[in-house]
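Quick notes on the structure that follows.
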Amino acid sequence: MKKKTKKTPKTNKPNKTNEFEVSDEDFLNTLDIICKKLVYKFKFGYHDIEDMKQQAAIFALEGLKKYDHSRPLENFLWTHVRNRLFNFK
């Protein structure tokens with residue numbers, strides 16, 4: 001004789017892969033490291049170093065949506081910000 005079991009309804013839990021799982025401190029430290037290395041190469045025209053740091057921060061924040069958390073944050077942000085700054089220039 002088979003035992004009857006109750007089925008529990010499945011709930012739709014939000015997928016956390018697209019949410020920001022990076023701590024603010026890690027993000028800011030990584031962004032600071034990247035900015036120190038990159039922004040001097042991309043300074044042009046009337047944009048000074050501070051302008052390029054701000055632009056790099058904006059690009060990094062926009063790129064966090066695409067970040068794969070199984071990979072290093074610094075490598076991802078370096079590549080993303082560098083490519084965006086090339087297009088910006």
Side-chain angles (χ1 to χ4, degrees):
M1 182 183 273
K2 289 186 177 179
K3 189 176 182 180
K4 292 184 179 180
T5 58
K6 293 182 180 180
K7 291 185 178 179
T8 57
K10 294 182 180 178
T11 58
N12 291 333
K13 293 182 180 178
N15 189 1
K16 289 192 172 188
T17 57
N18 290 335
E19 292 185 19
F20 302 119
E21 295 178 2
V22 178
S23 71
D24 293 342
E25 185 178 346
D26 288 341
F27 174 76
L28 292 175
N29 288 338
T30 305
L31 182 63
D32 188 46
I33 291 168
I34 290 170
C35 283
K36 285 179 182 177
K37 296 176 184 177
L38 277 179
V39 295
Y40 294 99
K41 297 177 185 178
F42 292 97
K43 186 177 80 81
F44 67 97
Y46 59 88
H47 296 289
D48 62 357
I49 298 299
E50 288 301 315
D51 293 334
M52 298 314 293
K53 285 183 181 179
Q54 290 173 2
Q55 197 62 44
I58 291 169
F59 290 153
L61 284 171
E62 291 172 351
L64 275 181
K65 297 173 193 168
K66 300 175 185 175
Y67 174 55
D68 177 13
H69 299 287
S70 64
R71 298 176 183 252
L73 178 64
E74 186 173 352
N75 294 350
F76 172 77
L77 286 180
W78 172 274
T79 305
H80 182 78
V81 170
R82 184 178 148 273
N83 290 341
R84 293 286 303 267
L85 286 174
F86 269 128
N87 293 335
F88 184 70
K89 191 174 182 179

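Note that CG of Asn87 is 8.0 Å distant from CZ of Phe59, once rounded to the nearest 0.5 Å. Taking CZ from Arg82 and NZ from Lys37, the interatomic distance works out to 13.0 Å, rounded to the nearest 0.5 Å. Atom CZ in Arg84 sits 9.5 Å away from atom CD1 in Ile58 (nearest 0.5 Å). To the nearest 0.5 Å, the span separating CE on Met52 from CG on Leu85 amounts to 5.0 Å. Expressed to the nearest 0.5 Å, how far CG of Asn29 lies from CD of Glu74 amounts to 10.5 Å.
Connection of Ile33 to Tyr40 is not established within any shared hydrophobic cluster, with ILVMFWY side chains joined at heavy-atom distances below 4.5 Å, either directly or through further cluster members.
Taking the ring-ring contact (aromatic ring centres under 6.0 Å, His included) definition, one finds that Phe76 meets it with Tyr67, His80, sequence neighbours left out.
No donor-acceptor pair under 3.5 Å is formed between the side chain of Asp32 and the backbone N or O of Leu28.
For CG of Asn75, the number of neighbouring non-hydrogen atoms (other residues, nucleotides, ligands) closer than 6.0 Å is greater than 12.
Thr30 and Asp26 get closest at one heavy-atom pair: OG1-O, 2.7 Å. Considering every non-hydrogen atom in both Leu31 and Ala60, the closest pair reads CD1-CB, 3.8 Å. Heavy-atom minimum distance, Leu73 versus Leu64: CD1-CD2, 4.1 Å.
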Carefully, step by step, assess Asp51 and Val39 under the rule side-chain contact (heavy atoms from CB on, under 4.5 Å). CA-CA 9 Å; Asp51 293 334; Val39 295; over 6 Å; no
What verdict does the side-chain contact (heavy atoms from CB on, under 4.5 Å) test give for Phe27 and Leu77, after you've listed the backbone C-alpha separation in whole Å, the side-chain angles of each residue and the deciding distance to 0.1 Å? CA-CA 9 Å; Phe27 174 76; Leu77 286 180; 4.0 Å; yes
